[in-house]
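Data first, discussion second: the structure below is written as structure tokens.
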Amino acid sequence: FFMILRPPRSTLFPTRRSSDLCYNREGDLLFSCAKDRHPNVWYSINGERLGTYDGHGGAVWCLDVDWQTKYFLSGAADNTIRLWDVSNGIMLNRIDTKTAVRTCKFSYSGKYVAFTTDKNMGHPCVIHIVDLTTFGSDQPMATIPIPPKGPKVTSLVWGENDETIITGHDNGDIVQWDVKELQKVKIVSDHGKAISDMQLSPDGTMFISASKDTTAKLFDTNTLECLKTYKTERPVNSASISPLYEHVVLGGGQEAMEVTTTSTKIGKFDARFFHLVYDNEEFARVKGHFGPINSVQFHPRSEEHTSELRH
């Protein structure tokens with residue numbers, strides 16, 4: 001399930017083992033996906049489920065919604081990425097891929113879609129960039145194949161002005177790509193283990209990365225300079241930057257297979273809040289999670305945050 005935390009109460013949304021979530025720009029709708037093949041949309045204010053987007057044949061790994069709350073995007077283990085009408089749940093188009101779709105994002109303008117497919121069954125990991133107007137058509141897509149011995153893409157965000165894409169990889173690398181030239185621009189290796197999540201700041205000038213190396217790091221979007229490191233004692237599965245204050249929230253914990261005989265205290269399942277700038281300034285923890293936190297997200301227009309759990 002996942003939990004929305006807002007003073008002075010919390011709201012629980014039951015789902016299967018969750019894999020991703022996101023708010024729309026206004027924050028009134030919350031989208032989630034899990035291993036039950038059916039992405040959901042909820043009213044964020046009270047947890048009422050509005051509906052599902054039905055059609056996938058495998059676990060849904062990633063999702064995104066455009067800035068107009070008009071189109072919804074979902075990628076899954078059934079080797080498809082699908083475009084939906086947010087308002088009625090109708091699938092508008094789909095792209096069939098050779099392997100599972102791991103990440104997907106609308107560009108800031110909403111004109112483009114970037115998504116990645118896994119390295120599997122002899123096929124390389126590939127970054128795909130497609131114009132939304134030709135989504136699902138026979139027109140060729142721009143692609144950036146990762147070398148066969150290269151690391152798999154595990155997370156993706158767009159850079160400023162839709163000119164670059166930033167990818168996080170399972171070896172800890174973070175790479176910036178030029179969208180027009182389809183070339184690597186910069187690479188940094190500040191993390192020691194796999195990147196599990198990356199999220200932009202509200203103005204897009206910074207992003208925060210979460211890693212299995214027990215840290216989250218704040219980066220400049222243009223230069224990939226590491227600005228700050230947030231240290232914990234457990235793998236960090238997700239991290240988010242507050243739109244209102246200089247705060248970040250981290251969520252993680254031991255893998256589910258490792259915590260069947262441990263207490264929540266040992267598992268370290270708290271959502272942890274740090275000051276964005278000050279060193280070693282952890283100022284709050286939210287308890288109540290009984291398993292590792294898979295995804296965290298700040299509400300775009302209020303003080304609440306949502307955390308999504310594995311179970």
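Ring orientation note: the planes of Phe273 and Phe298 are nearly perpendicular, at an angle over 60° on the 30°/60° scale. Under the 30°/60° scheme for interplanar angles, the aromatic rings of His247 and His275 are found to stand perpendicular.
A donor-acceptor contact under 3.5 angstrom links the side chains of Asn171 and Asp173, judged on distance only. Checking Gln199 against Ser240 by side-chain atom types alone, a donor-acceptor pair falls below 3.5 Å. If you check the side chains of His191 and Ser189, you find no donor sitting under 3.5 Å from an acceptor. No hydrogens or angles considered: nothing links the side chains of Thr164 and Trp177 as a donor-acceptor pair under 3.5 Å. In summary, the side chains of Thr116 and Thr103 do present a donor paired with an acceptor at a separation below 3.5 Å, with no hydrogens or angles considered. For the residue pair Ser74 and His56, a side-chain donor N or O sits within less than 3.5 Å of a side-chain acceptor on the partner. Residues Ser238 and Asp197 have side chains that bring a donor and an acceptor to within less than 3.5 angstrom of each other. Defined by atom type and a distance below 3.5 Å, a donor-acceptor pair is missing between the side-chain atoms of Ser209 and Lys217. A donor and an acceptor atom, one from each side chain of Asp131 and Thr134, are nowhere located under 3.5 Å apart. Side chain to side chain, Asp28 and Ser44 fail the donor-acceptor criterion of an N or O pair below 3.5 Å.
A salt bridge is absent between Asp170 and Lys152; no separation between the charged side-chain nitrogens and carboxylate oxygens falls under 4.0 Å.
To the nearest 0.5 Å, atoms CG (Leu83) and CG (Leu92) are separated by 5.0 Å.
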